[in-house]
Amino acid sequence: MTELSHPDRQAKVEAIRAAGRDPYPPRGVPAEAIEALIEAGGTPEEPGPRIDTEVTVAGRLLGMRDFGKLIFAPVLDRTGRIQVGLRRDALTDWWPQRKELDGGDLVAVTGTLGRTQKGQLTVWATEVKLLAKAVAPPPEKWHGLVDVEQRYRRRYVDLWASEGVREVFVKRSRMLSLSRRFLEERGFLEVETPTLHPIAGGATARPFVTHHNALDVDLFLRIAPELYLKRLIVGGLERVFEVSRNFRNEGLSVRHNPEFTMLELYQAQADYRDMIELTEALVSMLAVELTGATEVPFRAKAYDLAAPFERGRYDELFERASGVSLFDEAAVRQKARELDAEVPAELGHFKQVDRLFEILVEDELDRPTFVTHHPAAISPLAKVDPDNPDFAERFELHIGGMEICNGFTELNDPVEQEERFRAQVASLDPESPGEVDIDYIQALEYGMPPTAGLGIGMDRLCMVLTNQDSIRDVLLFPTMRRRPAQVSEEASSPDC
RNA sequence: GGGCGCAUAGCUCAGUCGGAAGAGCAACUGGCUUUUAACCAGUAGGUCCCAGGUUCGAGCCCUGGUGCGCUCACCA
């Protein structure tokens, strides 16, 4: 037992046991979805087919309004909420047990679907069963859980005590299943690739390091599935995708969590332009399916997610915003000094350009926009633009100042890929991989067809589609520091 | 990691100038058969985040720490 357990409620548990009943019975009760009953109840003017029939609902008792010989109480299940009416006349045998119930308890109620004098749809109970006693009291009924720390740490309370929370996560789940269906309809195969990587590749990020005892090797939690998925393209699967949990050992913010979900996909015989079109089709479909329209509210603004989205070349956006050419190293350096945004010189000129690009362009890209043709120097896995080899056949989708997607025509020349990997490893960037992924180069040596790939940050896309300001509000259990109390509690009193 | 802010009853929050720890909801007792955050009367409930310091006296002032939020840096 913990400090949350309330003595009055514990006493009720004991009283129920003393009376020979089980406060935690092993079996539930078959019940109907509340949402369906509300639908089948009709309106006060036009009663539906289930009015005056016997129904059973099961769920959490959210409170009780006790009138002495009559009690009204809302019951919540996964689909909705309905009122139950407990009358002494109809529950003669059970009536003395009513004091054993508290708000927060899990119950099953059988009765007749009807209405109150004011027309409220109500299950008039003929049978009440306690399914599980809540010894911890629920949060205040009107405000719910508003302390954000408590909401994230106790999501199991937040989901039923705070308005709209469950809806966000239902939408997130639908977003994933709609995306899967969308890709499967286009011939993509869902695959699973390793989470434990011997080399942290496919992105530029600090990895989490772990150790495998039997093999006695250090392994990295994946920062991206990219290099494995492209091996599968070499393997002839041609169209693959993975819903990939990625791990990056970096800071937390309103848009960053150390573990996050990317939908990454690769398609043979496609290039970056096909990926742009696929992105537009997927995102606008999700907007319609989840919100009912292509125009979605986000951060007190309206975002139009109808295809096509705006497009802008990286170099043009950069030069328009900064007033300098991105090839002019002296001018770029000068601009960086002005903005107090200098990066170490050893990381290279285009890292500095990209740093300025983030400040001057990305943060201002509010409306859905594809940025295209990033510098090849910062796109080591992308094919260069044949018309202009300084730039890559690459794009990113930005919405509301956030990068949502990243995609490109994949580099499939093994010699060029090896050169780019070697340049990365040689650079002094602490986030570069520590060694060249020779196995990946060898895969390319067997021949990878012309291929394009795309990665979508599903958490951020979910933020936009559910109008949540923080990534933590679209993660069921966002990463949190462990509380000292949790540590000492277990260490000092294991028998509690 | 830096800056700013928050931490008081199970929950949501007041707490004035440094002078006896408060309210609503939840709980408990009693009343009430159609409520909609039901209502009425009563009872109980506190490590004021933690540790120091200043003071006759600290929820309040000072120092350090912990947790969380926002923000900057890093990143998607």
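Sequence lines set the chain letters: A, B, ... in the order given, protein chains first and strands last, and positions in each chain run from 1.
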Side chain of [X], heavy atoms from C-beta onward: which of [options] has the nearest atom to it?
X	options	answer
Thr116(A)	U36(B), A37(B), G69(B)	U36(B)
Phe260(A)	A76(B), A27(B), U34(B)	A76(B)
Glu149(A)	C68(B), G30(B), U36(B)	C68(B)
Ile471(A)	C68(B), C28(B), A76(B)	A76(B)

Protein-nucleotides 40-43 of chain B N/O pairs closer than 3.5 Å?
none

Is there any protein nitrogen or oxygen under 3.5 Å from a nitrogen or oxygen in nucleotides 1-7 of chain B, and what are the pairs?
none

Quiz item: Within the side chain of Asn406(A), is there an N or O that forms a donor-acceptor pair under 3.5 Å with the backbone of Ile456(A)?
Solution: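 Looks like no, no N/O pair under 3.5 Å.
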
Calculate the interatomic distance between [X] atom [atom1] and [N] atom [atom2]; express it in whole Å.
X	N	atom1	atom2	result
Gln117(A)	U35(B)	CD	C1'	10 Å
Glu250(A)	C72(B)	CD	C1'	16 Å
Phe247(A)	A76(B)	CZ	P	17 Å
Ile223(A)	C74(B)	CD1	P	18 Å
Leu86(A)	U35(B)	CG	P	16 Å

Is [X] close enough to [N] that one of its side-chain N or O atoms is under 4.0 Å from OP1 or OP2 there?
X	N	value
Arg472(A)	C70(B)	yes
Lys141(A)	A38(B)	yes
Arg153(A)	G67(B)	no

Contact class for [X] vs. all strands (heavy atom < 4.0 Å): base, sugar-phosphate, or nothing?
X	value
Gln120(A)	base
Ser253(A)	nothing
Gly251(A)	base
Arg355(A)	sugar-phosphate
Asp354(A)	nothing

Practice problem: Provide the full list of ring-ring contact (aromatic ring centres under 6.0 Å, His included) pairs with a residue in residues 82-132 of chain A, sequence neighbours left out, each pair given once. | Solution: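 Residue pairs with at least one partner in residues 82-132 of chain A: Phe72(A)-Trp124(A).
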
Could you pull out all residues at least two apart from [X] that satisfy salt bridge (charged side-chain N to carboxylate O under 4.0 Å, His left out)?
X	result
Arg60(A)	none
Arg98(A)	none
Glu403(A)	none

Quiz item: Between Thr122(A) and Gln83(A), does any side-chain donor sit less than 3.5 Å from a side-chain acceptor?
Solution: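 A pair is found: one side chain offers a donor N or O, the other an acceptor, under 3.5 Å apart.
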
Quiz prompt | Non-neighbouring partners of Arg81(A) that pass side chain to side chain contact (heavy atoms under 4.5 Å, CB included), sequence neighbours left out | solution =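 With sequence neighbours excluded, Arg81(A) shows a side chain to side chain contact (heavy atoms under 4.5 Å, CB included) to Leu62(A), Pro74(A), Leu76(A), given in chain and number order.
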
Quiz item: What residues, two or more places apart in sequence or in another chain, satisfy side chain to side chain contact (heavy atoms under 4.5 Å, CB included) together with Val168(A)?
Solution: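 In terms of side chain to side chain contact (heavy atoms under 4.5 Å, CB included), with neighbours along the sequence ignored, Val168(A) is linked to Thr466(A), Gln468(A), Val474(A).
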
Quiz item: Tell me, which of residues 50-75 of chain A have any heavy atom that sits under 4.0 Å from an atom in RNA chain B?
Solution: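 Those residues whose heavy atoms fall under 4.0 Å from RNA chain B, taken from residues 50-75 of chain A in numerical order, are Arg65(A), Asp66(A), Phe67(A), Gly68(A), Lys69(A), Leu70(A), Phe72(A).
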
Exercise. Could you list all the side chain to side chain donor-acceptor pair (under 3.5 Å) pairs where at least one residue sits in residues 107-117 of chain A, not counting sequence neighbours?
Key: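 Output for this query lists Thr56(A)-Thr110(A).
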
Self-check item: Residues that Tyr303(A) engages under ring pair (Phe, Tyr, Trp, His ring centres under 6.0 Å), provided they are two or more places apart
Solution: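 Tyr303(A): ring pair (Phe, Tyr, Trp, His ring centres under 6.0 Å) contacts with Phe298(A).
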
Practice problem: Please name all residues satisfying ring pair (Phe, Tyr, Trp, His ring centres under 6.0 Å) with Phe408(A), sequence neighbours left out, ordered by chain then number. | Solution: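 For Phe408(A), no residue satisfies ring pair (Phe, Tyr, Trp, His ring centres under 6.0 Å) once neighbours in sequence are set aside.
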
